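Structure first, then comments.
Proteins get letters first, then strands, A, B, ... in listed order; numbering begins at 1 in each. Values below: every heavy atom of this structure, side chains too, minus hydrogens, waters and symmetry copies. A quick note: this is a predicted structure, and the numbers were derived from the prediction, not measured.
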2 protein chains.
Amino acid sequence: MRILVVDDDAQIIRAMRINLRARGYDVATAFDGASALQAAAKSPPDLVLLDLGLPDMEGGDVIEGLRGWTQVPIIVLSARHSASEKVRSLDQGADDYVTKPFGMDELLARIRAAQRRSVHVEEAPVVATDSFTVDLGAKRVERDGREVRLTPTEWHILEILARNAGRLVSQRRLLHDVWGPAYQSETNYLRVYMAQLRRKLEPDPAHPRHLITEAGMGYRFEKSG
Amino acid sequence: MRILVVDDDAQIIRAMRINLRARGYDVATAFDGASALQAAAKSPPDLVLLDLGLPDMEGGDVIEGLRGWTQVPIIVLSARHSASEKVRSLDQGADDYVTKPFGMDELLARIRAAQRRSVHVEEAPVVATDSFTVDLGAKRVERDGREVRLTPTEWHILEILARNAGRLVSQRRLLHDVWGPAYQSETNYLRVYMAQLRRKLEPDPAHPRHLITEAGMGYRFEKSG
DNA sequence: CCGCATCTTAACGGGGCCCTGACGCCCGTC
DNA sequence: GACGGGCGTCAGGGCCCCGTTAAGATGCGG
C-alpha cells in the first residue's frame, strides 16, 4: 500500500512520513504539483494525500492531471475552510476533503475508508504467490489452475493472513477474529488449521514457503518465497 | 437516484427533502434506525444520509446493519466533532463523515463524490454454462434449447447467483435479498430451493456442477464446471 | 367453492467440519 | 544429556449443516 504525500511544507511531509510509515504504509513524497504528477506516473500510488497550497500550480490542476488517467483515491488536505473550495475539489474528482488542522486518527480512518472503497471498485482483490492464488472477492483459492476447497475456518484464517500479506499477524489476533474474544489462548487450534492450510496449499507442507510461522509470535503470509 | 435520509429531526428532514428534490434526487426518509433498515431493505437506496443521534439505536449499529448486505454509500451527519466518533463510524463502514453545521453545497458535493465512486461495471445480461443459459434481461432460462419454467422465488435466487457468477454468495445475502431482512437465519428455505433449481437445471442433480454449495459459507454459480 | 401452482414447515439420514487429546520433533536452557 | 516449551501431525468422535422428501398452508384464477 503506497501513499503519495504532496505538500510544500517539509515539516508536514516529515510528520506524515513518520505517522504513515508507523502504520505500515509505504510513503512517497512530492513538494510541488509537477513532481507529484511525475512521481505518480512513474510508480502509481494506491492513494494520494494532496495539499492545495502548492507553489507551482493550482491544486485543482493536480487533481485533473491525475484524474486524466487514474482512479486512485485522492484526499485533499487544506487550510481553506471555504465551502466553494471544497465543492470545487470534490467535483474535480477528489474523494475527500479534510481541513487543517486535523487529527491524525481521523485522517487514518479516512484513508482506510477511501482504500476500502477503491478495493471494491477495482473488484479484484487477488493475492497471488508462485504456487497458489487467493481471490478475496470471490472467496476462492486456486492452485495449479484447479480450485482448492477450503472449510469456513480455513478460509477465515487464510483471508486474514492474505489481507495482511508480508506482515506478522499475532496468534491473539487470529484467535480473536476467527473464534471470538474468549479464545485468545487456544493456540493449538491454530496449529491444527495452519497444518491443514499448508497441506492444501504448500508445494512441500513440511517446509512452508508462504505460510510462515514466527515462533512465539504469530504467522505471516509471504507472497514470494 | 434515490437517497435515504435518516434523521429524527423533522425540521432537518424537511430541509433535506426540499434541497435534494430540487437537485433531482428521489428522497426517502426515516426517523429512527429500525425504520431506516426496514426502508433500505424494502427498496434499496443509492445513497444513505445518516444522522448519528437516533432515538432507538446507536448509529454504529445502523451502519453495520446496512453493511451486512449492501455496499451502498453511507454519509454520516453528526453534531459530534470528536475524532474517536469519526474514526469509529468510518471504520464501521461509513464512506464519509460530515459535522453539523454544514453547508448544503458541500454536502451536495460530497454526495456527488460518493456517488461517482460507487458506479460499478455492468455485467453481461446473459450467463451461459455447458448445460443451460440464463438470460437476465429477458428473465428466461433455456436448457437443451427448451425453456425451463421457474417459479418467482427460484428465479430470484438464480438471478442473484448468476449476477455474481464465480463468486461466493453468502446465505445471509441470499436470504436477505429474496425473503427480506427478517429471514436471515431460515437456511432451510435455501436448501429446498437450491434442490429444486438443481433438479430443473443440473444434468445430474445429485452431483451439481454449476450450483455449488460451500458448506457453512454460501453458494456459488459456476459457469464452466 | 374448487383445483392448481407455489410457498412454508418439519423430519430424517448422512457426510463433513470442528474440536480434542496424545504423541513426536526441534530448540533452547541448565 | 535431561528437561520443557512451542510447534506439527494424526485420528477419532460428536455435532452441525446440508440434501431430500412430503405433507400442510397459502394464494390465485376459474
Exercise for review: Taking the side chain as every heavy atom from C-beta outward, state whether B:I63 and B:V76 have any atom pair closer than 4.5 Å.
Suggested key: yes
Exercise for review: Would you classify A:E186 as touching base, sugar-phosphate or nothing, given that sugar-phosphate means primed atoms plus P, OP1 and OP2, and contacts are heavy atoms under 4.0 Å?
Suggested key: nothing
Exercise for review: Quick one: pull up CG in B:L174 and CG in B:D177 and give me the separation to the nearest 0.5 Å.
Suggested key: 7.5 Å
Practice item. Rounded off to whole Å, could you give me the CD-to-P distance for the B:E154 and C:dT8 pair? Key: 12 Å
Check your understanding: Between B:V192 and B:E214, which is nearer to the 5' end of DNA chain D once each is assigned its nearest nucleotide?
Key -> B:E214
Check your understanding: With a non-hydrogen cut-off below 4.0 angstrom, is A:R149 in contact with a base, only sugar-phosphate, or nothing?
Key -> nothing
Check your understanding: Closest to the A:A215 side chain: C:dT6, D:dC7, C:dT9?
Key -> D:dC7
Check your understanding: At under 4.0 Å between heavy atoms, what does A:Y183 touch on the DNA or RNA strands: base, sugar-phosphate, or nothing?
Key -> nothing
Point to revise | B:Q171 vs D:dC18: side-chain N/O to OP1/OP2 distance below 4.0 Å | key: yes
Review point. For A:T187, which contact category applies under a 4.0 Å heavy-atom criterion: base, sugar-phosphate, or nothing?
Key: nothing
Practice item. Output the single nucleotide from C:dC19, C:dT9, D:dC18 whose closest atom is nearest the side chain of A:Y193. Key: C:dC19
Check your understanding: A:H156 NE2 to C:dC17 P: how many Å, rounded?
Key -> 17 Å
Review point. Are any of B:W179's side-chain N or O atoms less than 4.0 Å away from OP1 or OP2 of C:dC7?
Key: no
Review point. Side-chain N or O of A:Y219 less than 4.0 angstrom from OP1 or OP2 on D:dG8?
Key: yes
Check your understanding: Parallel, tilted or perpendicular: which describes the rings of A:Y183 and A:Y189, with under 30° parallel and over 60° perpendicular?
Key -> tilted
Practice item. Determine: side-chain N/O of B:T153 to OP1/OP2 of C:dC7, distance under 4.0 Å, yes or no. Key: yes
Revision key, fill the gap. CG (B:D96) and CZ (A:R110) are apart, to the nearest 0.5 Å, by 5.0 Å
Exercise for review: Using a strict cut-off of less than 4.0 Å between a Lys/Arg side-chain nitrogen and an Asp/Glu carboxylate oxygen, indicate whether B:E85 and B:R88 qualify as a salt bridge.
Suggested key: yes
Check your understanding: How close or far is atom P of D:dG19 from atom CD of B:Q196, stated in whole angstroms?
Key -> 13 Å
Exercise for review: Please report, rounded to the nearest Å, how far the C1' atom of C:dC17 is from the NZ atom of A:K200.
Suggested key: 10 Å
Practice item. Round to the nearest Å and state the distance from A:I212 atom CD1 to D:dG6 atom P. Key: 21 Å
Check your understanding: Rounded to the Å, how far apart are A:I157 CD1 and D:dG8 P?
Key -> 12 Å
Check your understanding: Between C:dC18, D:dT9, C:dT9, which nucleotide gets closest to the side-chain atoms of A:P152?
Key -> C:dC18
Check your understanding: Taking side chain as C-beta onward, heavy atoms only, is B:L150 less than 4.5 Å from B:K200?
Key -> yes
Exercise for review: Select one nucleotide: of D:dT21, C:dC19, C:dC17, the one nearest the side-chain heavy atoms of A:T151.
Suggested key: C:dC17
Check your understanding: Rounded to the Å, how far apart are A:L211 CG and D:dC7 C1'?
Key -> 15 Å
Review point. So, is A:R198 close to the D:dG8 phosphate, meaning a side-chain N or O under 4.0 Å from OP1 or OP2?
Key: yes
Check your understanding: Given atom CZ of B:R191 and atom P of C:dG13, what is their separation to the nearest angstrom?
Key -> 15 Å
